[in-house]
Amino acid sequence: MAEKRSSFSGKLGFVLASAGSAVGLGNIWRFPYLAAQYGGGIFLLIYLLLAVTFGFALMCAEIAIGRKTGTSALGAYKKLDKRFGFVGIIASLVPIIILPYYSVIGGWIAKYFYTFIGGGMSAAANDGFFNEFISSPVEPIGWFLLYLGLTALVVLFGVEKGIEKVSKFMMPVLVVMVIFIAVYSMFMPGAMEGVKYYLTPDFSKFSITTVLAAMGQLFYSMSLAMGIMITYGSYMRKDVSLEGSVKQIELFDTGIAFFAGLMIIPAVFAFSGGDESALGKGPSLMFVTLPKVFESMPAGSVIGAIFFVMVLLAALTSSISLMETIVSIFMDKFKIGRKRACVAVILLSVILGLLSTFGYSIWKDVKIIGFQFLDFFDFISNSVIMPVVAFLTCILIGYVIKPKALIEEIEQGGKFKRKTLFTVVIKYIAPICIVAILIFSVLEGLGIIKV
């Protein structure tokens, strides 16, 4: 027999859990290297403008869909229009694909935190440490399973007693840590050049690719087009202000990303003597460059340990939301209880996660369209499926059920002040932008264009 649908206790629980979902590796790891790569201050300015327009409208839409239908993404689209039921199936694939490889990376972070608190900073700063670790056929599996187990433990306790309670603890701790390290980084010798680069817009570095990269980061950072916000919206009480909640979620999410840039860019500038290329893409920044930066700092082992526990907390809040979304889908689809759904999700995640782990060790020569397993899962989910889901969502809201249907849902919790912006973005701006993101991210991912 299916369990009664859970709910958050109120606005604070919803906002902190949703912000926890949005705040993850996208903010603390991906945002700083993209900001550095695309001109620092100009990227930051564009991102902030997009967050309060493009991101605001899409997040309002997804949460409203969830609250209106009272179900996970799998059934939500079908409830709104039967012809769009397939979009729910596609959207449900995103967290199923992301959670396993995200948990593998979470295991890497746990390993680095353990290394730093154990006094192994110098070892972690060695060039070969990261590659040696991930190419081991056994050790990364243990860390992956530990991380996945921590995630599952919170989800097993449910929405109010698990996710909400943990988020109310983790989010304030995360905010304090990121501000502390940002302030510390800014006052390092040579760091002020990095602060200027990050905060001063240089309009000569403006380009369409900068806009597209910022928009792509919004999806990654704000948990859009993953079914997560629809699921969390289905747990939201009708009397809670949806517009006000979205503003607060965005404030948390964008604030953490802003301080992460202020934390990492000045520190790497100080370490590298102003070399922007030191803020490399992918794992190289967090697992190769930053340990060297911490080693060069006074009290680096302490700062490094605080950094990796902070990243671990941020990653956990996101993986919890990913797992909860899949558990919700399984509960809705198969009419089973939370425990059975959790066990099924764990088993599925272990199988797919092992592919990502072995892709760096015993199956390192196996490639899918030129990608290792983890990179392929990342590419297909973030660069292909998520933009497709977002585009179809805009078409459904803008031209099938019409924006008014969701505006009425949003106004159940109070007046919707930005409903004109919401309508214009969903109907006209977002569909065009999302197609551009899809084309850009696929061409970049396949190496057809270099940025």
Side-chain angles (χ1 to χ4, degrees), residues 23-33 99-151 170 173-174 176-178 180-182 184-185 256 259-261 263-265 267-268 271-272 278-320 353 356-361 372 374-375 378:
V23 172
L25 297 180
N27 305 67
I28 294 174
W29 163 45
R30 199 169 186 263
F31 183 87
Y33 77 65
L99 176 63
Y101 82 74
Y102 199 95
S103 297
V104 169
I105 298 170
W108 296 351
I109 296 162
K111 160 71 175 178
Y112 269 70
F113 170 59
Y114 176 78
T115 301
F116 268 79
I117 61 169
M121 179 178 66
S122 296
N126 285 338
D127 285 334
F129 183 85
F130 178 64
N131 284 330
E132 195 176 305
F133 164 61
I134 63 170
S135 61
S136 164
V138 178
E139 190 183 2
I141 296 172
W143 290 106
F144 156 58
L145 294 176
L146 174 66
Y147 181 90
L148 189 66
L150 285 172
T151 303
M170 282 188 179
V173 171
L174 194 60
V176 171
M177 283 182 172
V178 75
F180 169 74
I181 301 179
Y184 186 93
S185 292
I256 293 284
F259 278 107
M263 172 178 70
I264 290 173
I265 293 174
V268 174
F271 165 75
S272 65
L279 284 143
K281 290 180 73 172
S284 64
L285 171 63
M286 193 187 305
F287 300 110
V288 178
T289 306
L290 285 179
K292 296 182 193 300
V293 173
F294 295 133
E295 191 181 33
S296 71
M297 286 182 176
S301 58
V302 175
I303 299 296
I306 294 171
F307 172 81
F308 280 108
V309 76
M310 178 192 67
V311 179
L312 187 60
L313 290 178
L316 276 168
T317 55
S318 291
S319 57
I320 286 164
S356 292
T357 303
F358 289 146
Y360 290 99
S361 56
Q372 289 172 303
L374 189 150
D375 297 327
D378 180 62

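The aromatic rings of Phe294 and Phe116 lie perpendicular to each other, with more than 60° between the two planes, well past the 30° mark. Between Trp143 and Tyr114, the two ring planes are tilted [angle within 30° to 60°]. Aromatic ring orientation, Tyr33 versus Trp29: perpendicular (interplanar angle above 60°, classes split at 30° and 60°).
To the nearest 0.5 Å, atoms CG (Leu312) and CE (Met170) are separated by 7.5 Å. In this structure, the separation between CD on Glu295 and CG on Leu290 is 13.0 Å, given to the nearest 0.5 Å. In this structure, NZ on Lys111 lies 4.0 Å from OG1 on Thr115, to the nearest 0.5 angstrom.
Side-chain contact between Ser185 and Phe259 is absent, with no heavy-atom pair separated by less than 4.5 Å. The closest side-chain heavy-atom distance from Leu285 to Arg30 is not below 4.5 Å. Looking at Val309 and Val173, their side chains never come closer than 4.5 Å, going by heavy atoms from C-beta outward.
Scanning all heavy atoms of the two residues, the minimum distance from Ile28 to Ala314 falls at CD1-CB, 3.6 Å. Nearest approach of Pro100 to Phe144, heavy atoms of both residues: O-CE1, 3.7 Å. Across all their heavy atoms, Phe307 and Ile264 have their closest contact at CE1-CD1, 4.2 Å. Pairing each heavy atom of Val293 with each of Ser296, the nearest pair is O-OG, 2.7 Å. In plain terms, the two heavy atoms of Ile117 and Ala305 that are nearest each other are CG2-CB, 3.8 Å. Taking both residues in full, the closest heavy atoms of Val23 and Ser318 are given as O-OG, 3.0 Å, listed atom of the first, atom of the second, then distance.
With Ser136 contributing its side chain and Glu132 its backbone, the two residues share no donor-acceptor pair below 3.5 Å. Of the possible donor and acceptor atoms, none in the side chain of Tyr102 sits under 3.5 Å from a partner among the backbone N and O of Leu316. A distance-only check finds no donor-acceptor pair linking the side chain of Ser103 to the backbone of Tyr147 [under 3.5 Å].
Between Trp108 and the choices Phe129, Tyr360, Phe308, Phe113, the ring pair (Phe, Tyr, Trp, His ring centres under 6.0 Å) rule is met once, by Tyr360. Considering Asp375, Asp378, Thr357 as possible partners of Tyr101, the one that fulfils the side chain to side chain donor-acceptor pair (under 3.5 Å) test is Asp378.
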Check your understanding: Would Met297 and Phe271 satisfy side-chain contact (heavy atoms from CB on, under 4.5 Å), going step by step from the backbone distance to the final call?
Key -> CA-CA 9 Å; Met297 286 182 176; Phe271 165 75; over 6 Å; no

Check your understanding: Does the side-chain contact (heavy atoms from CB on, under 4.5 Å) test come out yes or no for Phe180 and Ile303, once each step is laid out?
Key -> CA-CA 10 Å; Phe180 169 74; Ile303 299 296; 3.8 Å; yes

**Study point:** Criterion side-chain contact (heavy atoms from CB on, under 4.5 Å) on Leu99 and Ser319, from CA distance to verdict
**Key:** CA-CA 6 Å; Leu99 176 63; Ser319 57; 4.0 Å; yes

Exercise for review: Would you check, one step at a time, whether the test side-chain contact (heavy atoms from CB on, under 4.5 Å) holds for Ile141 with Phe358?
Suggested key: CA-CA 9 Å; Ile141 296 172; Phe358 289 146; 3.5 Å; yes

